[in-house]
Amino acid sequence: MDANILVVDDEPEIADLVEVYLKSEGCTVFKCGTGTEALACVARERLDLAILDVMLPDISGFTLCGEIRKEHHFPVLMLTAKVDDMDKITGLTIGADDYITKPFNPLELVARVKAQLRRYTRYNEADKSSESRDLIDFNGLVINRGTHECQLYDRELNLTPIEFDILWMLCENRGQVISAERLFETVWGEKYLDRNNTVMVHIRRLREKMGEPSRNPRFIKTVWGVGYKID
């Protein structure tokens, strides 16, 4: 796993532990104790993934994630000490790709890092010869899987890898209703559990970025009790 990973945590023992496990997988780790230091590192280094603690001494991890998302698409994992759905929803809404609760199993963290890097790498190493199969263009929406670019009415949409995966899957199956369970298990590659609102949060975020009204969206429609579809 050859990757540059940013670890932001003001507890040195946690940052050091994460560093040991990631370095054992061949990663280069950049450790920061504050959000200010982290933003400087983001501007300076070519990063493949970031792990952000929610509670930082200067700014929150949520704020930091939002700043990163203004310019970068690489995966972001949030660390939270609270077993609280609101923390998870907040993180996903501002652009995080995954979250893990403290105390955590370092091996689980490494597994999640690997999963996010695999997903992210698929776009950066897309085969240009398959460009025609990787382009969907309809009703003012243009989505290119090969270049990981998406435009709506000639306006660039700044999508995270997860958001892009969801939109691509819905576009690729245009006219069909895709259940939240199928979306989750295809995009996240994990087993869907009841009462999992992760897909709903990402759909809401997608609609916001597309400027879609929640009550009568033009593109992503909710089929209540069934799933989502794009016509």
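Side-chain contact check for F62 versus L56: every heavy-atom pair is 4.5 Å or farther apart. Side-chain contact check for V76 versus L49: every heavy-atom pair is 4.5 Å or farther apart. Residues Q116 and R112 fail the side-chain proximity criterion, which asks for heavy atoms closer than 4.5 Å. Contact of the K31 side chain with the V29 side chain is registered, since non-hydrogen atoms from C-beta on lie closer than 4.5 Å. L206 places a side-chain heavy atom less than 4.5 Å from the side chain of L167. Using a 4.5 Å heavy-atom threshold, the side chains of I136 and V142 count as separate. Looking at heavy atoms from C-beta onward, T63 lies in side-chain contact with S60 at the 4.5 angstrom threshold. The closest side-chain heavy-atom distance from Y99 to L79 is not below 4.5 Å.
Taking R204 as the reference, nothing meets the salt bridge (Lys or Arg N to Asp or Glu O under 4.0 Å) condition, with sequence neighbours excluded. E212 is linked by a salt bridge (Lys or Arg N to Asp or Glu O under 4.0 Å) to nothing, counting only residues two or more places apart in sequence or in another chain. Legend: residues meeting salt bridge (Lys or Arg N to Asp or Glu O under 4.0 Å) with R46, ordered by chain and number and at least two apart, are D48. Remark: E25 pairs with K114 by the salt bridge (Lys or Arg N to Asp or Glu O under 4.0 Å) rule, at least two apart or across chains.
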L39/L64 under side-chain contact (heavy atoms from CB on, under 4.5 Å): CA gap, chis, key distance, verdict = CA-CA 8 Å; L39 287 173; L64 176 56; 3.5 Å; yes
For the pair L77 and L109, evaluate side-chain contact (heavy atoms from CB on, under 4.5 Å) and give the outcome as yes or no after the intermediate values.
-> CA-CA 9 Å; L77 278 71; L109 177 62; 4.1 Å; yes
Full working for ring-ring contact (aromatic ring centres under 6.0 Å, His included) between H148 and W168 | CA-CA 10 Å; H148 195 265; W168 177 268; over 10 Å; no
Should I5 and T28 be marked as a side-chain contact (heavy atoms from CB on, under 4.5 Å) after you check the CA-CA gap, both sets of side-chain angles, and the distance that decides it?
-> CA-CA 6 Å; I5 297 181; T28 300; over 6 Å; no
Check against side-chain contact (heavy atoms from CB on, under 4.5 Å), V187 and I162 | CA-CA 7 Å; V187 173; I162 290 286; 3.9 Å; yes
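The closest donor-acceptor contact from the side chain of E163 to the backbone of T160 lies under 3.5 Å. Between the H73 side chain and the L159 main chain, a donor and an acceptor come within less than 3.5 Å of each other. Using modelled atom types, one side-chain atom of E185 and one backbone atom of Y192 make a donor-acceptor pair closer than 3.5 Å. Under the 3.5 Å distance criterion, the side-chain polar atoms of N144 are matched with a main-chain donor or acceptor of T147.
Between A38 and V8, the shortest heavy-atom distance links the atoms CB-CG2, 3.6 Å. What you find for F74 and L47 is that their closest heavy atoms are CD2-O, 3.7 Å. Between G95 and C65, the closest heavy-atom pair is C-SG, 3.9 Å. The shortest non-hydrogen separation linking D10 to G33 is CB-O, 3.4 Å. Here the closest non-hydrogen pair linking L141 and C150 is CD1-SG, 3.8 Å. Summarising the geometry of P57 relative to T34, their closest heavy-atom pair is CG-CG2, 3.8 Å, with the distance given to 0.1 Å.
The pair R69-D97 counts as a salt bridge, with a side-chain nitrogen and a carboxylate oxygen less than 4.0 angstrom apart. For the pair K102 and D9, the salt-bridge criterion is met [side-chain N within less than 4.0 Å of a carboxylate O].
Atom CD of E71 has 12 or fewer neighbouring heavy atoms from other residues, nucleotides or ligands inside a 6.0 Å radius. No more than 12 heavy atoms of other residues, nucleotides or ligands lie within 6.0 Å of CG in D2, so this atom counts as exposed by the packing criterion.
A cation-pi arrangement is found for R174 relative to F138, the charged atom lying closer than 6.0 Å to the ring centre and inside a 45° cone about the ring normal.
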Taking only distance into account, with no hydrogens and no angle test, what donor-acceptor pairs under 3.5 Å do side-chain atoms of residues 217-230 form with protein atoms, sequence neighbours excluded?
residue	atom	partner	partner atom	Å
R218	NH1	Y153	OH	2.1
K221	NZ	R218	O	2.7
T222	OG1	R207	NH2	2.8

For residues 175-184, dump all side-chain donor-acceptor pairs below 3.5 Å to protein atoms at least two apart in sequence or in another chain.
residue	atom	partner	partner atom	Å
S179	OG	R182	N	3.0

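The distance from atom CZ of R205 to atom CE of M200, rounded to the nearest 0.5 Å, is 14.5 Å.
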